[in-house]
Asks: 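Below you'll find the structure I mean.
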Amino acid sequence: MQPPFLTSAPAKVILFGEHSAVYGKHAIAASIHSLRTYLYVTPTADNAITLNFPDIKLYYTWESNSLSKIPSPSASIEINDTIDQQVAEQIQNLIKESNIVDPLHANAAFCFLYLYKCLIPNTSSLKFTMVSTSPIGAGLGSSAAVSVALSYAMLQLANQQTNKDLINKWAFVGEKCIHGNPSGVDNLVSTHGGAILYKKGTEAKLLDLSNNPLEILLTYTKVPRSTKTLVSNVRQLYEIYPDIITPVLDSMDSIACKASHILTQNEPDFQSIASLVDINQGLLQSLGVSHETIAKICLLSEQLHIGPTKLTGAGGGGCTLTLIQDSTNVQKFKETLTDTYGFDTIETQLGGDGCLLVPNDDLNGDVIKQLDKLFEESESNKVNKDIIDSLLLPGPNQKLPWK
Ligand SMILES: Nc1ncnc2c1ncn2[C@@H]1O[C@H](COP(=O)(O)OP(=O)(O)OP(=O)(O)O)[C@@H](O)[C@H]1O
Ligand SMILES: C[C@@](O)(CCO)CC(=O)[O-]
Ligand SMILES: [Mg+2]
């Protein structure tokens, strides 16, 4: 597909099973339709590839000849089950030579360049501008949304027969570039949307939560952390105490399976779900991936009799998920979180669309002008979530012909 065109992928929450998913245990995850990453691919007149990632203040242009020196990994998704270390090393060297040192930048650049070398190695004269309405590095799957949006776009540029399964497989490669050892749950739910019961290496089971939607509140602690580091720390604990950590992971597996069964009943027993949330948080705490800010939110939701809270995603700060069982004190809960603790609260619905595309054919001159203006203004951080949503958010009132 010729540029310009747009791709988009949603954020996600993990209801149960973060970290244990890495060890092949079940997890339940759901997309967050209204928090999305948007990628705008546009043609340029130079013989280069430009990244404009204003959310992390990464702006870089590589001349084509600097990219062509790096060998391309196989374009076969089957072979790319593991990252080609020789190619990875040469990409990391290029990133160093480019003086891209901030890990936030280096991770994004590595993910982009590896997928570029796999899918569109000889392509030039393109700019990739990416903005997200989801908090970054916060446990809501921002790396997965980036990997999905990039994979979708590059498969389009490669004119490959694209289906969601292929997008997800390449997004998993992108997640490996950023996370190191991902389970695949984040990229799968961001690709397909909805809610799933996931177990690494098996077919995910779609969960229909629409009959009895969970009422949840997300809280963003604004504490930065790296999923790669948190996952690695758990791995170290597992290797030191396998006999102790294995039963913890097995319990998390049972929690996810039990919750999946309860949530798909006609009249789910939400009290049991609340107990499972509490237990899962306690187990995550034992893996060392909670944080003092998460503990504060857990305590406050208990004190105000809102319902149980657990971390969501890799933890270490990032975001929590509170199951709202009694909304009597919810306003006080939200005000304390924002005004006293300085956190952000996010009210959202779970599920909704996965990755989407606005093809080149559906973009007319006027819309392109609006998009160019929006994405240019994003580079100077003049755009907030409302402005982005007003033009880009897919849904019943969407301005763009998302497919
Ligand atoms: N909008 C964005 N623009 C550029 N890079 C991004 C963007 N969003 C995420 N990233 C990349 O993803 C990385 C964050 O990934 P990380 O896995 O640590 O957090 P997360 O995916 O938000 O949380 P979790 O994996 O727990 O769900 C950042 O370091 C950055 O490289
Ligand atoms: C921590 C983890 O389980 C979820 C991160 O959102 C890592 C993974 O499953 O890839
Ligand atoms: Mg991630």
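Order of listing sets the numbers, starting from 1, for every ligand and every atom in it. No hydrogens, no waters, no symmetry mates; every other heavy atom, side chains included, goes into these values.
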Asks: What protein heavy atom is closest to atom 4 (C) of ligand 2, reported as residue, atom name and distance in Å?
Replies: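 Closest protein heavy atom to atom 4 (C) of ligand 2: Ile14 CD1, 3.5 Å.
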
Asks: To which protein heavy atom is atom 2 (C) of ligand 2 closest, and what is the distance rounded to 0.1 Å?
Replies: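 Of the protein heavy atoms, His19 N, 3.8 Å lies nearest.
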
Asks: Could you state the interatomic distance from OH (Tyr152) to CG (Leu357), rounded to the nearest 0.5 Å?
Replies: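 So the OH of Tyr152 and the CG of Leu357 are separated by 4.0 Å.
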
Asks: So do the side chains of Pro4 and Leu371 get within less than 4.5 Å of each other, counting heavy atoms only?
Replies: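 No, their side chains stay 4.5 Å or more apart.
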
Asks: Applying side-chain hydrogen bond (donor to acceptor under 3.5 Å, both in side chains) to Tyr40 and Asp372, what does each step give before you reach the verdict?
Replies: CA-CA 9 Å; Tyr40 186 38; Asp372 287 346; 2.8 Å; yes

Asks: With atoms numbered from 1 as shown, which atoms in ligand 2 lie under 4.0 angstrom from a non-hydrogen atom of Val185?
Replies: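 In order of number, 9 (O).
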
Asks: Output the list of atoms in ligand 2 that are nearer than 4.0 Å to some heavy atom of Pro182, sorted by atom number.
Replies: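 The list of qualifying atoms is 10 (O).
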
Asks: Evaluate the side-chain proximity of His19 to Leu283: yes if any heavy-atom separation is below 4.5 Å, no if none is.
Replies: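 No, their side chains stay 4.5 Å or more apart.
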
Asks: Just let me know how Asn181 lines up against ligand 2, side chain, backbone, both or neither, with a heavy-atom cut-off below 4.0 Å.
Replies: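 Neither; no heavy atom under 4.0 Å.
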
Asks: Less than 4.0 Å between a side-chain N and a carboxylate O, is that true for Glu377 and Lys373?
Replies: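 Yes.
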
Asks: Could you tell me whether Lys12 and ligand 2 have an N or O pair separated by under 3.5 Å?
Replies: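 Among all N and O atoms of Lys12, at least one is under 3.5 Å from an N or O of ligand 2.
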
Asks: Quick one: which ligand 2 atoms are inside 4.0 Å of a heavy atom on Gly313?
Replies: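 Numbered from 1, ligand 2 contributes 6 (O).
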
Asks: Less than 4.5 Å apart, side chain to side chain, heavy atoms only: is that true for Ile56 and Asp102?
Replies: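 A side-chain contact under 4.5 Å is absent here.
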
Asks: Find out whether Thr219 and Tyr341 are in side-chain contact, i.e. whether some heavy atom of one side chain is under 4.5 Å from a heavy atom of the other.
Replies: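 No, side chains not in contact.
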
Asks: Any heavy-atom pair between the side chains of Lys117 and Gln90 that's under 4.5 Å?
Replies: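 Not touching, per the 4.5 Å side-chain cut-off.
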
Asks: Side chain or backbone, does Asp186 bring an N or O within less than 3.5 Å of an N or O on ligand 2?
Replies: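 Among all N and O atoms of Asp186, at least one is under 3.5 Å from an N or O of ligand 2.
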
Asks: Report the part of Glu175 in contact with ligand 2, treating N, CA, C, O as backbone and CB onward as side chain, heavy atoms under 4.0 Å; options are side chain, backbone, both, neither.
Replies: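 For Glu175, no heavy atom sits under 4.0 Å from ligand 2.
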
Asks: With a 4.5 Å heavy-atom cut-off, do Arg36 and Pro394 have their side chains touching?
Replies: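 Arg36 reaches Pro394 side chain to side chain.
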
Asks: Quick one, Leu218 and Tyr220 - any side-chain contact, counting heavy atoms below 4.5 Å?
Replies: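 Side-chain contact under 4.5 Å: no.
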
Asks: To the nearest 0.1 Å, how far is atom 10 (O) of ligand 2 from its closest protein heavy atom, and which atom is that?
Replies: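 The closest one turns out to be Ser183 N, 2.8 Å.
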
Asks: Report each N/O pair between ligand 1 and the protein that falls under 3.5 Å, naming both atoms.
Replies:
from: ligand 1; atom 1: 1 (N); to: Asp55; atom 2: OD2; distance (Å): 3.1
from: ligand 1; atom 1: 17 (O); to: Ser143; atom 2: OG; distance (Å): 3.2
from: ligand 1; atom 1: 17 (O); to: His179; atom 2: NE2; distance (Å): 2.6
from: ligand 1; atom 1: 17 (O); to: Thr227; atom 2: OG1; distance (Å): 3.1
from: ligand 1; atom 1: 18 (O); to: Thr227; atom 2: N; distance (Å): 3.2
from: ligand 1; atom 1: 18 (O); to: Thr227; atom 2: OG1; distance (Å): 3.4
from: ligand 1; atom 1: 21 (O); to: Ser142; atom 2: N; distance (Å): 3.1
from: ligand 1; atom 1: 21 (O); to: Ser143; atom 2: N; distance (Å): 2.9
from: ligand 1; atom 1: 21 (O); to: Ser143; atom 2: OG; distance (Å): 3.0
from: ligand 1; atom 1: 22 (O); to: Gly137; atom 2: N; distance (Å): 3.1
from: ligand 1; atom 1: 22 (O); to: Ala138; atom 2: N; distance (Å): 3.2
from: ligand 1; atom 1: 22 (O); to: Ser142; atom 2: N; distance (Å): 3.2
from: ligand 1; atom 1: 22 (O); to: Ser142; atom 2: OG; distance (Å): 2.6
from: ligand 1; atom 1: 23 (O); to: Gly139; atom 2: N; distance (Å): 3.1
from: ligand 1; atom 1: 23 (O); to: Arg225; atom 2: NH2; distance (Å): 3.4
from: ligand 1; atom 1: 23 (O); to: Thr227; atom 2: OG1; distance (Å): 3.4
from: ligand 1; atom 1: 25 (O); to: His179; atom 2: NE2; distance (Å): 3.1
from: ligand 1; atom 1: 25 (O); to: Thr227; atom 2: OG1; distance (Å): 2.8
from: ligand 1; atom 1: 26 (O); to: Arg225; atom 2: NH2; distance (Å): 2.6
from: ligand 1; atom 1: 26 (O); to: Thr227; atom 2: OG1; distance (Å): 3.0
from: ligand 1; atom 1: 26 (O); to: Ala314; atom 2: N; distance (Å): 3.0
from: ligand 1; atom 1: 27 (O); to: Lys12; atom 2: NZ; distance (Å): 3.0
from: ligand 1; atom 1: 27 (O); to: Gly139; atom 2: O; distance (Å): 3.3
from: ligand 1; atom 1: 27 (O); to: Gly141; atom 2: N; distance (Å): 2.8
from: ligand 1; atom 1: 31 (O); to: Leu104; atom 2: O; distance (Å): 2.8
from: ligand 1; atom 1: 31 (O); to: Ala108; atom 2: N; distance (Å): 3.3

Asks: Sort out for me which residue in Ile297, Thr322, Thr221 forms a side-chain contact (heavy atoms from CB on, under 4.5 Å) with Leu337.
Replies: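 That would be Ile297; it is the only one of Ile297, Thr322, Thr221 passing the side-chain contact (heavy atoms from CB on, under 4.5 Å) with Leu337.
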
Asks: Any side-chain heavy-atom pair from Leu263 and Leu207 closer than 4.5 angstrom?
Replies: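 No; the side chains remain at least 4.5 Å from each other.
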
Asks: Among all protein heavy atoms, pick the one closest to atom 7 (C) of ligand 2 and tell me residue, atom and distance.
Replies: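 Answer for atom 7 (C) of ligand 2: Val22 CG2, 3.8 Å.
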
Asks: Taking both backbone and side chain into account, is any N, O or S atom of Thr227 nearer than 2.8 Å to the Mg ion (ligand 3)?
Replies: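 Thr227 does not place any N, O or S atom closer than 2.8 Å to the Mg ion (ligand 3).
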
